[in-house]
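Have a look at this one before I ask anything.
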Amino acid sequence: MEVAEAVIFLGPPGAGKGTQAKRLALELGFRQLSTGDILRSHVARGTELGQQAKPLMEAGKLVPDEIILGLIGQELAEMPDPKVIFDGFPRTLAQAEALDRLLSERQIRLLGVLLVTAPEEELVRRLLGRALEEGRSDDNEHTIRARMVEYRQKTQPLVDYYKKTGHLKEINGLGKVDEVYQAIQKALGLGVS
């Protein structure tokens, strides 16, 4: 029987965590779990949890933790030996504590919590460049800086929590994509290829 394992990616918008999570999932044969994708899938399939989430999503409201955690639990239950990367989850301290309980119940070993960071000015520059490339007029400097403030307020408790558990590994998101990826491999004890 294979060992069930999980990796959590945290980081501000523009740090490159999505790119790195996708690459790590591909190379390790892990499944990348995004709560948004899971929600849309359950709504489309008309599952019980999807039916509970649908009216909230249509009204633009946040889906409560118990539904999100139910969806995550269901996804993990459908995998014989889960090997997953959580990208953008957990978002709150309550979600982190509940996820820890879920991983423990399912005997899934947490390999690490990767906090991909970069200086705010670099993040703003990246996000403005991405907005220009994608023609997103709503992503201006003001809205990007507001997202950074919100990110810091919501994520700092998670950073402190995972630091106390000894799972947090800070990754410098500056540099070439391959250099950042090598730092991630090293932080997880995977060696550098």
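Excluded from the calculations below are hydrogen atoms, water molecules and symmetry mates; all remaining heavy atoms, backbone and side chain alike, are included.
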* Asked: When you check the side-chain N and O atoms of Asp160 and Gln156, is any donor under 3.5 Å from an acceptor?
  -> yes
* What pair of heavy atoms forms the shortest contact from Ile171 to Ala183, and how long is it? -> CD1-O, 3.7 Å
* Asked: What is the minimum heavy-atom distance between Asp65 and Ala94, and which atoms define it?
  -> OD2-CB, 3.8 Å
* Structure fact -> Paired with Val84, the side chain to side chain contact (heavy atoms under 4.5 Å, CB included) test is passed by just one of Leu76, Val7, Ile72, namely Leu76
* Taking the side chain as C-beta and beyond, is there a heavy-atom pair between Leu28 and Leu190 under 4.5 Å? -> yes
* Asked: How about Leu114 and Ile8: do any of their side-chain heavy atoms sit closer than 4.5 Å?
  -> no
* CD1-CD distance between Ile38 and Gln74, expressed to the nearest 0.5 angstrom -> 10.0 Å
* To do: Verify, without hydrogens or angle tests, whether Arg109 (side chain) and Glu5 (backbone) share a donor-acceptor contact under 3.5 angstrom.
  => no
* If you round to the nearest 0.5 Å, how far is CG of Leu127 from CD of Glu122? -> 9.5 Å
* Do the non-hydrogen side-chain atoms of Tyr162 and Asp100 ever get within less than 4.5 Å of each other? -> yes
* Structure fact -> Minimal heavy-atom distance between His167 and Thr165, with the atoms involved, is ND1-OG1, 3.1 Å
* Asked: Is Glu48 atom CD crowded by more than 12 heavy atoms from other residues, nucleotides or ligands, each under 6.0 Å away?
  -> no
* **Reference residue His42; test side chain to side chain donor-acceptor pair (under 3.5 Å); the match among Lys54, Gln51, Gln52, Glu75** => Glu75
* Asked: Taking side chain as C-beta onward, heavy atoms only, is Lys176 less than 4.5 Å from Tyr181?
  -> no
* If you measure from CG on Leu128 to CD on Glu133, what distance do you get to the nearest 0.5 Å? -> 11.5 Å
* Asked: Can any side-chain N or O of Thr155 pair as donor or acceptor with the backbone N or O of Tyr151 at less than 3.5 Å?
  -> yes
* Might you confirm whether atom CZ of Arg91 has over 12 heavy atoms from other residues, nucleotides or ligands at distances under 6.0 Å? => no
* To do: May I ask you to say whether Lys154 pairs ionically with Glu150, meaning some side-chain N is under 4.0 Å from a carboxylate O?
  => yes
* Would you give the length of the straight line joining atom CD1 of Ile144 to atom CD of Glu120, rounded to the nearest 0.5 angstrom? => 10.5 Å
* Joint hydrophobic cluster, Leu56 plus Leu39, side-chain heavy atoms closer than 4.5 Å -> yes
* Derivation of the side chain to side chain contact (heavy atoms under 4.5 Å, CB included) call for Glu170 and Thr117 -> CA-CA 7 Å; Glu170 194 163 334; Thr117 63; 3.6 Å; yes
* To do: Compare all side-chain heavy atoms of Val124 with those of Glu141 and state whether any distance is below 4.5 angstrom.
  => yes
* Answer yes or no: is there a donor N or O on one side and an acceptor on the other, between the side chain of Gln20 and the main chain of Gly173, under 3.5 Å? => no
* To do: Kindly indicate whether the side chain of Phe30, heavy atoms from C-beta on, has any atom under 4.5 Å from the side chain of Leu24.
  => no
* Please name the pair of heavy atoms, one in Leu102 and one in Leu69, separated by the smallest distance, quoted to 0.1 Å. => CD2-O, 4.3 Å
* Intermediate values then yes/no, side chain to side chain contact (heavy atoms under 4.5 Å, CB included), Lys169 and Leu115 -> CA-CA 6 Å; Lys169 314 216 185 299; Leu115 175 63; over 6 Å; no
* Starting at OG of Ser34, measure out to CZ of Arg40 and round the result to the nearest 0.5 Å. => 6.0 Å
* **Glu27/Arg23 ion pair, N-O < 4.0 Å** => yes
* To do: Assess whether side chain to side chain contact (heavy atoms under 4.5 Å, CB included) is satisfied between Met79 and Leu33, documenting all intermediate values.
  => CA-CA 12 Å; Met79 297 180 217; Leu33 288 182; 4.2 Å; yes
* Working for salt bridge (Lys or Arg N to Asp or Glu O under 4.0 Å), residues Glu121 and Arg145 -> CA-CA 9 Å; Glu121 290 311 310; Arg145 290 195 186 277; 2.9 Å; yes
* What are the two closest non-hydrogen atoms of Pro90 and Leu158, and how far apart are they? -> O-CD1, 3.3 Å
* Has the side chain of Arg31 got a donor or acceptor atom that lies under 3.5 Å from a matching backbone atom of Ile85? -> no
* **Exercise: identify the closest heavy-atom pair between Gln107 and Ala4** => O-CB, 3.8 Å
* Structure fact -> To the nearest 0.5 Å, atom CG of Leu10 lies from atom CG of Asp87 at 9.5 Å
